[in-house]
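Only a predicted model underlies this, so the values are computations on that prediction, with no experimental measurement involved.
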Amino acid sequence: MKVLELKNIKKTFGRIHAIENVSFHINEGEVLGFLGDNGAGKSTTIRVISGVHKPSEGEIYFHEKKMRNWNVNIAQNIGIETVYQDRALADQQSVNANIFMGREIKNRLGFIDTKKQREETTRLINEIGFTSKLIKEYSPVMTLSGGERQGVAIARALYFKAKLVLLDEPTTALSLTECNKVFRLIEQIKSQGLSCLFITHNIYHAHNICDRFVVMDRGTVAFECEKKDISAAELIKRMQNLAHTGKSGKWGTK
């Protein structure tokens, strides 16, 4: 079943056409690689999906239901969570504070339930597989590694019942070991039947973890293909050819 579908999405900023005729879908329990060079339209598309930008034209469907008056609150309420490249974390605040920032647990009197938040943070730390005994719910985020910070951001998404997690360049500037931590977190997302949109410039990382690929070029979907139909080297060659020729179209899809 399709968890999210975009149909002929267009976004303009004045006379600038950032994206046009963008159509693709994400299935339940699928990791979809979202690829393309800088300026291809990936960031604008992600901001449309997350509700930051309202599409100028086109339709958005969530579990086959057409969405109206699209915005960030609606996107979050139906289960779309975004983990941006900078992870949007407050480095000097604790793991606990970062997970619940802006969406704190309240008691029946309306005050923040700090005890409940600490308990939930400890549970999440264990669930996402933090192995270091030094990481506690009160640990400042600035003391964590890059992969562990991604873990905090993903844990936040999972706690708030995300059905679709958008990961924006999650492996940028991470070591091989740290990248593997992120891959394990993505596998955990998938194992729970959740969906993930994996945005990256690293084709080998995408091919390692994704089930299918959508490639953007010049503001539109250039082609789509499934992992089983293409190797990483072939995917790179296809994208290089696209950059030289400017040709787009569906390839290897079913």
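Note: the hydrophobic cluster containing Ile80 does not contain Met101 (ILVMFWY, side chain heavy atoms under 4.5 Å, direct or indirect links). In the hydrophobic clustering of this structure, Phe160 groups with Leu158; members are Ile, Leu, Val, Met, Phe, Trp, Tyr whose side-chain heavy atoms approach within less than 4.5 Å, directly or through other members.
Listed here is the closest heavy atom pair of Cys196 and Ile189: CB-CG2, 4.4 Å. For Thr122 against Glu137, the heavy-atom pair with the smallest separation is OG1-CG, 3.9 Å. When all heavy atoms of Glu178 and Ser145 are compared, the pair lying nearest together is OE1-OG, 2.7 Å. Of all heavy-atom pairs between Ile60 and Pro55, the closest is CD1-CG, 4.2 Å. The two residues Thr220 and Val22 make their nearest non-hydrogen contact at CA-CG2, 4.1 Å. In plain terms, the two heavy atoms of Thr12 and His17 that are nearest each other are CG2-CD2, 3.8 Å.
A 4.5 Å side-chain heavy-atom check between Val152 and Ile99 finds at least one atom pair inside the cut-off. Under the 4.5 Å side-chain criterion, counting only non-hydrogen atoms from C-beta, Val215 is not in contact with Val221. Put simply, the side chain of Gln188 does not reach to within 4.5 Å of the side chain of Ile154, judged on heavy atoms. Side-chain contact check for Arg149 versus Met142: some heavy-atom pair is nearer than 4.5 Å. Inter-residue side-chain proximity for Leu235 and Cys225 is flagged as met; some heavy-atom pair is nearer than 4.5 Å. Residues Leu197 and Ile46 have side chains in contact (heavy-atom distance under 4.5 Å, counting atoms from C-beta outward).
Under the 3.5 Å distance criterion, the side-chain polar atoms of Gln117 are matched with a main-chain donor or acceptor of Ile105. Formation of a donor-acceptor pair under 3.5 Å by the Asn71 side chain with backbone atoms of Ile74 is found in this model. Remark: the backbone N or O of Ile19 is not paired with any side-chain donor or acceptor of Thr44 at under 3.5 angstrom. Judged by distance alone, with hydrogens and angles left aside, the side-chain atoms of Ser195 form a donor-acceptor pair with the main-chain N or O of Gly29 at under 3.5 Å. At least one donor-acceptor pair closer than 3.5 Å links the side chain of Lys227 to the backbone N or O of His207. Panel note: side chain Glu81, backbone Ala162; no donor-acceptor pair is recorded below 3.5 Å. Asn98 places a side-chain N or O within donor-acceptor distance of the main-chain N or O of Ala90, the cut-off being under 3.5 Å. In terms of modelled atom types and a separation under 3.5 Å, the side chain of Trp70 and the main chain of Val48 share a donor-acceptor contact. No donor-acceptor pair closer than 3.5 Å links the side chain of Lys11 to the backbone N or O of Ala18. Within the 3.5 Å criterion, the main-chain N or O of Ile135 finds no donor-acceptor partner in the side chain of Ser139.
For the residue pair His205/Thr171, the side-chain donor-acceptor check at 3.5 Å is satisfied.
A salt bridge does not link Glu64 to Lys2: none of the charged nitrogens lies less than 4.0 Å from a carboxylate oxygen. Between Arg123 and Glu120 there is a salt bridge, since at least one side-chain N of the basic residue sits less than 4.0 Å from a carboxylate O of the acidic one.
The number of heavy atoms from other shown groups lying within 6.0 Å of CZ (Phe111) does not exceed 12.
Ring planes of Phe100 and Tyr159: perpendicular class, angle over 60° (limits at 30 and 60°).
Considering His63, Glu59, Lys65 as possible partners of Tyr61, the one that fulfils the side chain to side chain donor-acceptor pair (under 3.5 Å) test is Glu59.
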